[in-house]
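Let me begin by presenting the structure, written as structure tokens, before commenting on it.
Here the structure is a predicted model, which means the values were calculated and not measured.
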Amino acid sequence: MELEQAEILEHREVAPGYRRLVLAAPAIAGRAGPGQFVHLRVGEGPHPLLRRPLSVAGRRGEALTLLYRVVGEGTALLATRRPGERLDLLGPLGRGFTFIDGREPLLVAGGAGVAPLLFLAAEARAAGRKPLVLLGVATAAEVVGEDELAALGIPLEVSTDDGSRGRRGPVTDLLAGRLEGKAIYACGPAAMVRRLKELAPGVPGQVSLEAAMACGVGACRGCACRTAGGYRMVCADGPVFDLGEVVFDE
């Protein structure tokens with residue numbers, strides 16, 4: 001784990017409400033893996049007090065790419081930061097994805113959950129694997145990461161809530177007939193993950209859980225999630241867990 005003052009190299013909107021942030025962060029970028037996250041201070045003063053966790057969406061040399069959705073005060077403030085400014089960055093944090101031998105990666109993303117899976121898809125391709133990405137969003141305008149995947153020759157299939165692109169309905173509807181010989185890697189809303197577990201019993205997989213975090217290192221115990229082995233911290237024990245061990249309350 002490193003504490004770094006990272007210079008903003010690029011910061012722009014890539015879809016309505018979605019922004020791509022590229023940082024010069026050599027110490028963190030050199031150690032970051034798919035599924036890990038950084039904890040960053042979004043403002044220059046004491047407000048807001050808490051850092052914000054963002055999944056690493058990619059790296060190139062000493063540059064780190066983050067992809068986030070503006071959803072509240074913290075990310076709205078982050079959206080105002082400009083190239084040349086510096087962000088106080090802590091990372092890489094958490095446990096990331098690991099490849100499951102003998103199975104090709106099937107990546108399932110819901111909304112902003114595509115961020116860590118873009119990084120994982122690139123690493124899978126570099127390792128000679130043949131990933132397929134399934135992305136579910138509200139509308140066609142929210143499809144992000146398509147250019148990056150296309151440049152790597154990684155196929156992308158899309159579902160939308162409004163039917164404006166691809167199949168109409170949840171992304172889990174795209175799973176039919178695609179599970180044989182695959183390992184699932186997922187990130188998205190809890191309802192999506194719950195449905196994945198229902199549709200793919202016995203299929204090996206991993207999921208990056210989304211949770212509000214305060215400390216980011218397991219000290220405050222504010223991001224507890226329920227697993228088959230008891231309650232664990234999303235920030236320190238995850239955010240990536242085996243799909244089969246995640247438990248949802250009825």
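Closest approach of P16 to A141, counting heavy atoms only: CD-O, 3.4 Å. Annotation for G61 and A29: closest pair O-CB, 3.9 Å, computed over non-hydrogen atoms. Nearest heavy atom pair, residue F97 against residue L117, reads CZ-CD2, 3.8 Å. When all heavy atoms of P53 and H39 are compared, the pair lying nearest together is N-CD2, 3.4 Å. Shortest non-hydrogen contact noted between A63 and L9 is CB-CD1, 4.3 Å.
If you take CZ on R31 and CE on M1, they are separated by 8.5 Å, rounding to the nearest 0.5 Å. We find the CG-CZ distance between L120 and F99 to be 4.5 Å, quoted to the nearest 0.5 Å. To the nearest 0.5 angstrom, E148 atom CD is 5.5 Å from R20 atom CZ. Here the CD1 atom belonging to I100 is positioned 9.0 Å from the CZ atom belonging to R129, to the nearest 0.5 angstrom. Remark: L21 CG to L54 CG distance equals 7.5 Å, nearest 0.5 Å. Here the SG-CE distance, from C187 to M192, works out to 7.0 Å after rounding to the nearest 0.5 Å.
For the pair V240/V207, no side-chain contact is recorded, criterion being any heavy-atom separation below 4.5 Å from C-beta on. Contact check for L64 versus L89: side-chain heavy atoms found under the 4.5 Å cut-off. Counting only heavy atoms from C-beta outward, the side chains of L134 and L132 approach each other to under 4.5 Å. Using a 4.5 Å heavy-atom cutoff, the side chains of T65 and R60 are not in contact. The closest side-chain heavy-atom distance from T75 to V42 is not below 4.5 Å. At least one side-chain heavy atom of L3 sits less than 4.5 Å from a side-chain heavy atom of D88. Looking only at side-chain heavy atoms (C-beta outward), P116 and F37 stay at 4.5 Å or farther from each other. Within the 4.5 Å cutoff, the side chain of P204 has heavy atoms near those of the R103 side chain.
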>> Run L175 and L196 through side chain to side chain contact (heavy atoms under 4.5 Å, CB included) and show every step you take.
In response: CA-CA 9 Å; L175 290 175; L196 273 177; 3.3 Å; yes
> After noting the C-alpha distance and the side-chain angles of L156 and V143, does the key distance pass the side chain to side chain contact (heavy atoms under 4.5 Å, CB included) rule?
Replying inline: CA-CA 10 Å; L156 169 69; V143 174; 4.2 Å; yes
> Does the pair L78 and R52 meet the rule for a side chain to side chain contact (heavy atoms under 4.5 Å, CB included), with working shown?
Replying inline: CA-CA 9 Å; L78 178 60; R52 295 303 191 269; over 6 Å; no
> For L118 and L149, what are the C-alpha separation, side-chain angles and deciding distance, and is it a side chain to side chain contact (heavy atoms under 4.5 Å, CB included)?
Replying inline: CA-CA 7 Å; L118 291 175; L149 294 173; 3.8 Å; yes
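Figure legend: cation-pi geometry between R232 and F241 absent, as NZ or CZ is not positioned both under 6.0 Å from the six-membered ring centre and within 45° of its axis.
In terms of modelled atom types and a separation under 3.5 Å, the side chain of R165 and the main chain of G163 share no donor-acceptor contact. Of the possible polar contacts, none joining the E2 side chain to the A27 backbone as a donor-acceptor pair under 3.5 Å is found. Side chain of E157 to backbone of L174: no donor-acceptor contact under 3.5 angstrom is found. Without hydrogens or angle criteria, S164 side chain to A140 main chain gives a donor-acceptor distance under 3.5 Å. Using modelled atom types, one side-chain atom of R59 and one backbone atom of A32 make a donor-acceptor pair closer than 3.5 Å. Counting only distance, with no hydrogens or angles, the side chain of D242 and the backbone of G244 share no donor-acceptor pair below 3.5 Å. Formation of a donor-acceptor pair under 3.5 Å by the E10 side chain with backbone atoms of V22 is not found in this model.
Hydrophobic cluster membership is shared by V246 and L179, with clusters built from Ile, Leu, Val, Met, Phe, Trp and Tyr side chains linked at under 4.5 angstrom. Linking ILVMFWY residues whenever their side-chain heavy atoms come closer than 4.5 Å, directly or via other members, places L67 and V133 in the same cluster. Note on V137: it clusters hydrophobically with L107, by side-chain heavy-atom contacts below 4.5 Å among ILVMFWY residues. Under a hydrophobic clustering in which Ile, Leu, Val, Met, Phe, Trp and Tyr are joined whenever their side-chain heavy atoms come within less than 4.5 Å, directly or via other members, L209 and M233 fall into different clusters. Residues I154 and V14 are members of one and the same hydrophobic cluster, defined by side-chain heavy-atom contacts under 4.5 angstrom among Ile, Leu, Val, Met, Phe, Trp and Tyr.
Within 6.0 Å of CD on E198 lie more than 12 heavy atoms contributed by other residues, nucleotides or ligands.
Using the six-membered ring where Trp is involved, Y68 and H11 have ring planes that are tilted, between 30° and 60° apart.
At a threshold of 4.0 Å, the pair R69-E142 counts as salt-bridged, since one of the basic side-chain nitrogens sits closer than that to a carboxylate oxygen.
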